[in-house]
Amino acid sequence: MMPASAGTGVIAGGAARAVFESAGIHNILAKCLGSNNSHNVVKAAFDGLKKLRSPEEIMQRRGMVE
């Protein structure tokens with residue numbers, strides 16, 4: 001999964017597209033590598049969304065807090 005520029009829309013396969021659209025994500029690129037089993041794709045999409053971090057969290061982890 002990668003963020004896309006504004007206006008790109010959801011570019012993903014069927015199961016992942018449904019997850020992103022129901023989550024309200026409008027601009028994203030996603031590619032399934034390996035299994036394209038719908039159940040596994042949905043689990044992977046949810047796992048990826050749970051692991052998202054904000055830029056502030058990343059800066060704190062790297063010790064770059066102001």
Side-chain angles (χ1 to χ4, degrees):
M1 297 184 300
M2 296 186 325
S5 58
T8 302
V10 177
I11 299 177
R17 174 184 294 273
V19 171
F20 299 137
E21 287 178 350
S22 63
I25 298 171
H26 300 291
N27 298 304
I28 190 165
L29 303 170
K31 173 85 175 152
C32 289
L33 301 174
S35 173
N36 61 356
N37 179 317
S38 297
H39 188 263
N40 289 342
V41 171
V42 169
K43 283 174 52 176
F46 273 109
D47 188 46
L49 291 174
K50 281 194 258 182
K51 290 182 179 180
L52 286 175
R53 295 180 294 189
S54 69
E56 291 79 20
E57 289 175 302
I58 295 170
M59 286 176 61
Q60 279 184 333
R61 251 183 133 182
R62 294 180 182 176
M64 300 168 59
V65 181
E66 296 178 1

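Since the structure is predicted, the reported quantities are computational estimates derived from the model, not experimental observations. We use all heavy atoms of the structure for the numbers below, so side chains are in, but hydrogens, waters and symmetry mates are not.
By the 6.0 Å contact criterion, CG on N36 is open, its count of non-hydrogen atoms from other residues, nucleotides or ligands being 12 or less.
Shown here for S35 and V41, the closest heavy-atom pair between the two residues is O-CG2, 4.1 Å. Contact between R17 and I11 at its shortest, heavy atoms only, is NH2-CA, 4.3 Å. Residues M1 and A30 approach most closely at CG-CB, 4.2 Å, considering heavy atoms.
Atom CD of residue E21 and atom NE2 of residue H26 lie 10.0 Å apart, to the nearest 0.5 angstrom. Annotation: the span from R53 atom CZ to Q60 atom CD amounts to 11.5 Å, rounded to 0.5 Å.
Hydrophobic clustering of Ile, Leu, Val, Met, Phe, Trp and Tyr side chains at less than 4.5 Å, counting indirect connections, unites V19 with L52.
Listed for the N27 side chain is no donor-acceptor partner under 3.5 Å among the backbone atoms of A4.
A side chain to side chain contact (heavy atoms under 4.5 Å, CB included) with V10 holds for exactly one of I28, L29, I25; it is I28.
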